[in-house]
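Since the structure comes first, as structure tokens, the remarks are kept for the end.
Lettering follows sequence order; numbering is per chain, from 1. Note that the coordinates shown come from a computational prediction; the quantities given were computed from them, not determined experimentally.
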Number of protein chains: 2
Amino acid sequence: METLTIGEMAARSGVAPSALRYYEREGLLHAARTGGNQRRYERADLRRIAFIKIAQQVGVSLDEIREALAELPENRTPTKADWSRLSSRWRHRLDERIAMMERLRDQLTGCIGCGCLSLQRCHLINPRDRLAARGTGPQMILNPPSDKP
Amino acid sequence: METLTIGEMAARSGVAPSALRYYEREGLLHAARTGGNQRRYERADLRRIAFIKIAQQVGVSLDEIREALAELPENRTPTKADWSRLSSRWRHRLDERIAMMERLRDQLTGCIGCGCLSLQRCHLINPRDRLAARGTGPQMILNPPSDKP
DNA sequence: CTGCAACTTGAAGTGCACTTCAACTCAAGC
DNA sequence: GCTTGAGTTGAAGTGCACTTCAAGTTGCAG
């Protein structure tokens with residue numbers, strides 16, 4: 001009797017019912033059905049939804065999120081350990097993304113300091129266009145030199 | 001004679017010609033025209049494009065970016081000071097967003113530590129659901145308590 | 001002067017993440 | 001048992017940020 005209707009889930013998670021149905025179609029979520037074919041969610045599904053929202057905040061597509069969630073056990077309610085394993089990977093994603101944004105910020109500040117704002121071929125930071133061979137755009141930020149010497 | 005064609009701009013900025021035309025339609029970019037109606041960009045426009053890319057990385061819509069760029073002078077090439085003014089605002093956006101992602105990361109780690117992963121009503125961090133009145137979803141992350149006591 | 005790659009336009013198409021709609025069914029309170 | 005708010009479906013629509021296409025034009029190299 002610990003089940004929730006789609007409306008209750010929507011209220012508690014902040015995600016519209018239509019979105020929850022969409023997630024189900026996309027395989028991110030699964031709900032049991034009543035005799036009358038209505039969805040009944042378990043409380044644990046709120047965790048899944050929270051996870052989805054967080055991952056989206058980080059800029060991850062539903063496709064990738066689905067893949068990640070696929071690692072959770074299907075037959076039993078995920079345990080703390082299940083979530084821990086999954087989440088430590090996402091901590092890395094978050095760390096990476098945070099690092100990228102910090103580079104972004106520092107470049108923005110730095111290059112504005114020198115007045116160039118080029119961010120891809122700043123002569124102060126990148127004297128000889130050595131990044132030109134590594135693709136177009138703001139390479140230093142999206143793909144910092146330390147990654148590939 | 002310091003002008004660049006759309007193809008050259010695309011190559012140097014990593015943004016497709018079609019996207020550059022799109023940006024122009026959307027009012028983010030403006031190019032002079034030759035007698036034969038072809039676009040000719042100035043080198044300074046690379047900065048605009050770099051700025052657009054950066055802002056997008058931060059998750060800002062083209063609409064907002066257009067508004068920000070509208071603050072730059074139209075009749076003259078933006079100076080270092082113009083860019084500085086504009087960019088300091090964006091540094092703030094970046095800082096905010098970085099802070100949000102750090103909260104996100106810490107919550108993820110913390111709530112996984114306690115096994116709840118609820119991120120909106122974790123009993124360790126938020127003993128009495130005091131956030132419930134402030135909207136749905138992961139309030140602590142998107143809108144931390146320190147913002148509004 | 002010719003040829004060809006690079007440019008031009010408007011219109012239509014794409015992918016993602018949903019939302020809206022119409023028509024219908026379910027479940028719970030009176 | 002009836003009403004009513006909440007749920008169901010598939011199909012179509014939305015908004016953003018582009019991309020693709022067709023049909024035509026431009027500009028530079030030879």
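- Under the 4.0 Å criterion applied to side-chain N and carboxylate O atoms, A:R89 and A:E64 are not assigned as salt-bridge partners.
- Going from atom CG of A:L4 over to atom P of D:dA6 covers 16 Å, rounded to whole Å.
- Residues passing the side chain to side chain donor-acceptor pair (under 3.5 Å) test with B:R25, sequence neighbours excluded: none.
- Looking at residues two or more places apart in sequence or on another chain, you find no salt bridge (Lys or Arg N to Asp or Glu O under 4.0 Å) involving A:R21.
- Within the 4.5 Å cutoff, the side chain of B:L4 has no heavy atoms near those of the B:E42 side chain.
- Nucleotide D:dT25 holds its P atom 17 Å from the CZ atom of B:R39, rounded to whole Å.
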Requested in this report: Produce a footprint string for nucleotides 11-30 of chain C: one letter per nucleotide, 5' end first; B if the base is under 4.0 Å from any protein heavy atom, S if only the sugar-phosphate is, - if neither.
Outcome: ------BBBB-----SS---

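- Salt-bridge check for B:R66 with B:D63: passed, with a basic side-chain N closer than 4.0 Å to an acidic carboxylate O.
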